[in-house]
Amino acid sequence: MQINPYLPHEAEIVERIQESDAVFTLRLRFVEAEMRSRYSFWPGQFNMVYLYGAGEVPISIVSDPEDERLLDHTIRAVGRVTDGLARLKPGDRVGIRGPYGRGWPLKEAAGRDVVVVTGGLGCAPAVSAVNYIIKRRAEYGRLVIIQGVKKSKELIYRARYDAWARVPNTHVMLAADSGDVFWPGHVGLVTDLFERVEFDQGNVLAMMCGPEGMMVTAAKALAQRGVAEEGIFLSMERNMHCAVGLCGHCQFGGQFICKDGPVFRYPDVKGLLGIRGF
C-alpha cells in the first residue's frame, strides 16, 4: 500500500484532552489496519487534519514516532475548521493526510546537550522531539526545556512538564509575561532565563518554535552565549494549504515551509526573519 499524499485517510478519535480554554489534544487511530502499520513520521513533521464538510488545517504531531497505537495532535480553536474539530468527541472521525515537511535534527543532536526554547502553543511542534529524547535519554547530554507564555493560565502540558523535570539531567524552566499569585515559574521574558541555563556551548544543539519575534531574540541570545548558529534550528509557521509545495501560500523566500521546512537551520533563514512579506 502506497500512501497517497493528496488523499486523506480516515482516523477515529480515541481520546480528547482539554489542555486549556481554547487548546485541546485529539488522540487518533487510523481506521485502516494497513495504515496503522505503514504510517510513520519524524518529530517536527505535521499532518493535514481534515474535518468533513469544513476543510483541513496543518497540525503538528506531538506523539512519539514509535507509538504504534495513537497519533496525537494539539490544536488551538481559532477558526472555522479548528472550532469544528473542538466540538468532536471520542468515536468521531476525521481525515489525516501526511506526514509532511522536514523535522528536527535528532540524529545530529545525539551525544550533545540540547536546549529547547518554545513560546505559547509553539511548544507543540517540539513535544515529539522532547519525548523522543526522554525515551532515549542515554543517547543525549544535558536537556534544557524553556517554555514561555504571555499569561500563566495559558500554560498547557503542566503534567508533562512536571514529568520531564523528574528525568535525570533534564531541566525545565517556565516563564510568563504575567503570572498569578500561584505561578511557580519566572515572571518575565523567556530570554531572561538564559542567564540561568547551563550547557556545553561547544557541544550543544538548540531547537525552538513559537512567535517569530521570540525566536529571533532567543537565537541571537544563544549565539551571544557561544552557541554556533549552525547548531540553532527553528520551526517556522505560515499559512499552509496544500502541504506539497504547489499552492504557494507558504512560500518563504525561495523555499516553502510545507516542503523545505517547517524546521530550518537558523543561518538559512535569518535574513528573512522579521521582513514583511516573508
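Since we're looking at a predicted model, the values are computed, not measured.
One finds a salt bridge joining K270 and E229 here, because a Lys/Arg side-chain nitrogen approaches an Asp/Glu carboxylate oxygen to under 4.0 Å. Taking the charged nitrogens against the carboxylate oxygens, E108 and R265 do have a contact shorter than 4.0 Å, which makes a salt bridge. Electrostatic pairing of E212 and R238 counts as a salt bridge here, judged by a charged N lying under 4.0 Å from a carboxylate O. Between D72 and R27, at least one side-chain N (NZ, or NE/NH1/NH2) sits under 4.0 Å from a carboxylate O, which counts as a salt bridge. By the 4.0 Å N-to-carboxylate-O rule, D83 lies too far from R76 to be salt-bridged with it.
Across V57, V94, L28, V62, a single residue satisfies side-chain contact (heavy atoms from CB on, under 4.5 Å) together with H73, and that is L28.
A cation-pi arrangement, defined by a distance under 6.0 Å to the six-membered ring centre and an angle within 45 degrees of its axis, is absent between R93 and Y50. The side-chain tip of R16 points at the ring of F24 from less than 6.0 angstrom away and within 45° of straight on.
Considering all non-hydrogen atoms of both residues, L85 and I75 come closest at CD1-CD1, 4.1 Å.
Using a 3.5 Å distance cut-off with no hydrogens or angles, the side chains of H171 and R142 do pair a donor with an acceptor. In this structure, a donor-acceptor pair under 3.5 Å is present between the side chains of Y39 and N47. Using a 3.5 Å distance cut-off with no hydrogens or angles, the side chains of T191 and T217 do not pair a donor with an acceptor.
Relative ring orientation between W164 and Y161 is described as perpendicular, the plane-to-plane angle rising above 60° on a 0-90° scale split at 30° and 60°. Taking the six-membered ring where the residue is Trp, Y140 and Y132 present perpendicular rings, their angle passing 60° and hence far from 30°.
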